[in-house]
Amino acid sequence: MFNFSKKKESQGTQVSFKVDGMHCSSCSMNIDGELEDTKGVLKSSTSYAKAKTIIEYDPAIVNSKQLKKKIESLDYSASEIELETP
């Protein structure tokens, strides 16, 4: 009847960026807040400790270059990196 054990399928495309210039965990929350307010972004997860962000987005609405520019508009530097496989 219910299939709670199945992992929820990803609904968008994912991109990961190495982010330089973060001073603390508030910086990562600032990045996530701005990205999640961006049209087409479904989810954002930024780690201050790992200095990276993973963004799930709808490629029909926004692209990775626009997301990189959004991060850089907050005075951080961002460079796209390959997603890690589990």
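This one's a predicted model, so the numbers in the text were calculated from it and none came from an experiment.
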Ignoring hydrogens and angles, state whether a donor on the side chain of Thr46 or Ser28 is under 3.5 Å from an acceptor on the partner side chain.
no

Rounded at 0.5 Å granularity, tell me how far OH in Tyr76 sits from NE2 in His23.
6.0 Å

Looking only at non-hydrogen atoms, find the nearest pair between Val15 and Ser64 and report the distance.
CG2-CB, 4.0 Å

From Gln66 CD over to Ser73 OG, what is the distance, rounded to the nearest 0.5 angstrom?
12.0 Å

I'd like to know if the side chain of Thr38 reaches the main chain of Val41, judged simply by a donor and an acceptor atom lying under 3.5 Å from each other, with no hydrogens or angles considered.
no

Just so I know, are the side chains of Phe17 and Ile31 near enough to count as touching, which here means a heavy-atom distance under 4.5 Å?
no

Restricting to non-hydrogen atoms, name the atom on Tyr57 and the atom on Asn63 that form the minimum distance, rounded to 0.1 Å.
CE1-CA, 4.1 Å

Ser16 versus Ile54, closest heavy-atom pair with distance
OG-CG1, 3.9 Å

To the nearest 0.5 Å, what is the distance between CD on Glu72 and OG on Ser79?
9.0 Å

Interatomic distance, CD@Glu82 vs NZ@Lys18, rounded to 0.5 Å, equals 15.5 Å

Minimum-distance pair of heavy atoms, taken over all atoms of Lys70 and Glu34:
NZ-OE1, 4.1 Å

Got a second to check how far Glu80's CD is from Ile71's CD1, nearest 0.5 Å?
10.0 Å

Does Tyr48 share a hydrophobic cluster with Leu35, counting links as ILVMFWY side-chain heavy atoms below 4.5 Å and allowing steps through other members?
yes

Search all heavy atoms of Lys52 against all heavy atoms of Ile81 and return the closest pair with its distance.
CD-CD1, 4.1 Å

Say you draw a straight line from CG of Leu42 to CD1 of Ile61; how long is it, rounded to the nearest 0.5 Å?
7.5 Å

Minimum heavy-atom separation for Thr13 and Pro59, please, with both atom names.
OG1-CG, 3.3 Å

